Amino acid sequence: MALISLDRIRNVGIIAHIDAGKTTATERFLFYSGKSHRIGEVHNGAAIMDFRADERERGITISAAATTFAWNNHQVNLIDTPGHVDFTAEVERSLRVLDGAIVIFSGVEGVEPQSETVWRQADRYQVPRIAFINKLDRAGADHNRVLQQIKTRLGANAVALNIPYTTEGRLGGIINLLDRRLVVFDATTHGKELQVRDLPAELMPSVEEERSRLIERVAECIDWLADIYLSGGPIETKDVRRAIREATLAGTLIPVFCGAALRDLGIQPVLDAICDYLPSPLDRPDAKGMDPETGEPAGRPMTLEAPFSALVFKVVATTSTDYLWLRVYSGALTTEERCYHPRTGTRLRLRRILRLHADRTEPVEQARCGDIVAVQGLKEVVTGDTLCDPQHPITFEPIHFPQTVVSMAVETQTNADRDRLQEVVARLLREDPTLSVSTDEETGQLILSGMGELHLEVTRNRLQREFNVEAFFGRPRVSYRETATVPAIGKGEFEKRIGDTPVSGRAVVEVLPRPRALGDHSVAPVEIDLSKIARQLSTAMARGAQEILLSGCNSGGGHGYPVVDIKVNVLEFRHNDPPDPLVPLLGTLSWALRDALSKSNTIVLEPVMTLEVRAPEEFLGSIMKDLGARRTEIRETDLLDGFAVVRGLVPLAEMFGYSTNMRSLTQGRGSFSMEPYDYQPARKED
């Protein structure tokens, strides 16, 4: 692909609830742009972007896939993200580096739980977005209902730029409100050829009304358009488009499009909208970071003239090598030049720079501002690391990932198999920050933790199929936490001889329950009285306390789970001035925390999920009875076009194997989705 100016680059992602049609739409993007010569369908396992075996078997996206294609003289760098809650970290890291997003909603189901999750993630990174209401060819689809849900449930200022055109009860095309034209898609070319027609006379009054409402909504966001609107002067279509772009970039407006991706309806207008309304790198604020040497805030303008800087936002482990995905924020770097890795203080050379297209790569000469590319090797580099110009160092804020909620035991028969298992797991941990591993001190088993049953099942399949690891896997189990309920003070003393040197110390700590915001399960930063503790030990003391509390088995809390939602005050720390004061520091701190937690009446916390169940109305009674047995707190029940939708909160421990049970209860016609909600006190028997 030829070099293109920054104002014509679009770094965008497709985000949505599972099965809303993200990959189906992406396959059309590739076909219409000429990037592929066939449309790969998800339902028959032939999608280009879902190239892993698990993805093709299940018909869902598991790992974010990237591609680049051209449309209307623009270069579009696109990331197709998963919709399943277990893989929400893929959405998180993608949105961290993208400039814009396309949010897809099912015209039947509307705004679903994971729709809300990805929307909040986009809000957090202030990513401008457009929306696409899909599946309007299905029975029960309702464009107006979904548009209203986007406004009410997501709080978005959503405005339709096109509306569905139905004939004889079927979706036949879309009506472009700005141009007052009917767009019909030619089925013989899979929608590649468009037929633009005049509107039927009977539709003109309603279309004019919709168009006027659209212009009014846009004018509410843009002052200069409001002046023209209020003065009663003529408003050109090009001015409305310009105002829509400005409002979209400012995040005050969400343009909404519609169609049916599987029937090839309405996709090309979305491609046009990516170029017309979503930002280029030049439209985004400077990339913010800090100077790694001074800790002072620093920034990089997104221009080619600025010093090189890039963020590593994803690592992909394959049987042969590891690929690191980079978002280049400024400057450019060739394979002949070296960059700086601030975390390790080393200089690195990118020997191969690759452009991505699903599971295929294409070498390029340089990584330029605005690019999303991959590089090989760089074993010391992990997700969230920064690469930059050696003369102008900068560190960007790393990516934050949610905590794991489900674990399973893994064991091997031989030491050789165990060594192989640990080697491969280390590579997968580097690829997926939402995986974690620990060792059960009693059994010696490896405990692999992840975001859910499906996440661990996919990891197990990769270990066995892709990396040929011989191991036995236990059943998934819930990752519990524990917390203190009353304040307590603990003391710890340490006395040991290391070589010929006696080492001793004493620490006194106070543990306090910590109020927190919903969904925040982190341990509060350790508060340290610097008048009693040497400043150079403060960082080590804070880090040591975090590690001791999150290790669970050594916390002394009485249940063996990681301790969360507490505040620790270090009241006293003394030692006999040994050569290495870290030895008595960690020893006394561990005993003091164990002592304090043993007095603080700790309780077990279990992960609670938001649950949404959809099934034909005749099965509602059976579903409600089953959910009641699973300790579900029902929050809402809706009846819609013969379907029942039940929403509530349920402990994760009660939901293992629920998909099989759901199929049995509803004769295979029901579905459900979950996402993490909070940690709450568990029942006594848990």
Side-chain angles (χ1 to χ4, degrees), residues 12-52 54-69 71 76 78-84 87 90-91 94 101-112 114-115 118 129-141 143 146 162 164 170-171 173-174 183 185-192 194 256-274 357-359 671 673:
V12 298
I14 292 191
I15 58 177
H17 186 90
I18 189 172
D19 201 33
K22 296 179 302 300
T23 302
T24 301
T26 302
E27 295 294 320
R28 271 74 185 165
F29 290 172
L30 299 178
F31 179 67
Y32 298 148
S33 66
K35 185 72 176 183
S36 65
H37 300 292
R38 64 173 178 85
I39 296 178
E41 300 293 11
V42 175
H43 57 265
N44 59 21
I48 296 170
M49 300 298 281
D50 286 349
F51 54 86
R52 286 184 169 174
D54 269 313
E55 293 177 318
R56 294 189 168 178
E57 287 175 5
R58 300 172 188 275
I60 62 172
T61 301
I62 291 173
S63 178
T67 189
T68 299
F69 60 86
W71 185 259
V76 181
L78 180 77
I79 297 181
D80 177 22
T81 68
H84 196 285
F87 310 105
E90 291 287 292
V91 184
S94 297
I102 307 108
V103 191
I104 297 185
F105 301 92
S106 167
V108 180
E109 287 81 10
V111 175
E112 299 174 271
Q114 190 67 4
S115 307
V118 298
R129 69 215 79 151
I130 60 177
F132 177 67
I133 300 176
N134 191 24
K135 300 187 178 182
L136 290 177
D137 60 325
R138 300 277 186 91
H143 175 267
V146 178
N162 55 37
R170 298 179 67 241
L171 182 68
I174 63 169
V183 183
F185 304 87
D186 186 351
T188 62
T189 64
H190 295 286
K192 202 167 188 178
L194 305 182
V256 181
F257 300 84
C258 65
L262 190 60
R263 284 190 54 209
D264 311 311
L265 295 172
I267 299 299
Q268 292 201 41
V270 177
L271 283 169
D272 293 338
I274 291 172
H357 177 52
D359 58 339
S671 63
S673 58

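In this text, all values refer to a predicted model and were calculated from it rather than measured experimentally.
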Side chains of [X] and [Y]: closer than 4.5 Å at any heavy-atom pair?
X    : Y    : result
C258 : I174 : yes
F132 : I267 : yes
L262 : K135 : no
N162 : P269 : yes
D264 : F185 : no

Point-to-point distance, once rounded to the nearest 0.5 Å, from [atom1] of [X] to [atom2] of [Y]:
X    : Y    : atom1 : atom2 : answer
T68  : L30  : OG1   : CG    : 10.0 Å
I14  : S94  : CD1   : OG    : 11.5 Å
I104 : D19  : CD1   : CG    : 11.5 Å
L78  : L271 : CG    : CG    : 9.0 Å
H357 : F69  : NE2   : CZ    : 10.5 Å
L136 : R263 : CG    : CZ    : 10.5 Å

Problem set entry | Exam field: side chain R138 to backbone G107, donor-acceptor pair closer than 3.5 Å |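 Answer holds: no.
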For this session: Please check if the side chain of S115 supplies one atom and the backbone of A16 the other of a donor-acceptor pair under 3.5 Å.
Result: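 Looks like no, no N/O pair under 3.5 Å.
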Quick check: closest heavy atoms across [X] and [Y], and the distance to 0.1 Å?
X    : Y    : answer
A64  : I79  : CB-CG2, 3.8 Å
D137 : L171 : N-CD2, 4.2 Å
A273 : I130 : CB-CD1, 3.8 Å
K22  : T81  : CE-O, 2.9 Å
N134 : A20  : ND2-O, 2.9 Å
V103 : F105 : CG1-CZ, 3.5 Å

For this session: For the pair I133 and F257, evaluate side-chain contact (heavy atoms from CB on, under 4.5 Å) and give the outcome as yes or no after the intermediate values.
Result: CA-CA 6 Å; I133 300 176; F257 300 84; over 6 Å; no
For this session: Check step by step if side-chain contact (heavy atoms from CB on, under 4.5 Å) holds for K35 and F29.
Result: CA-CA 8 Å; K35 185 72 176 183; F29 290 172; over 6 Å; no
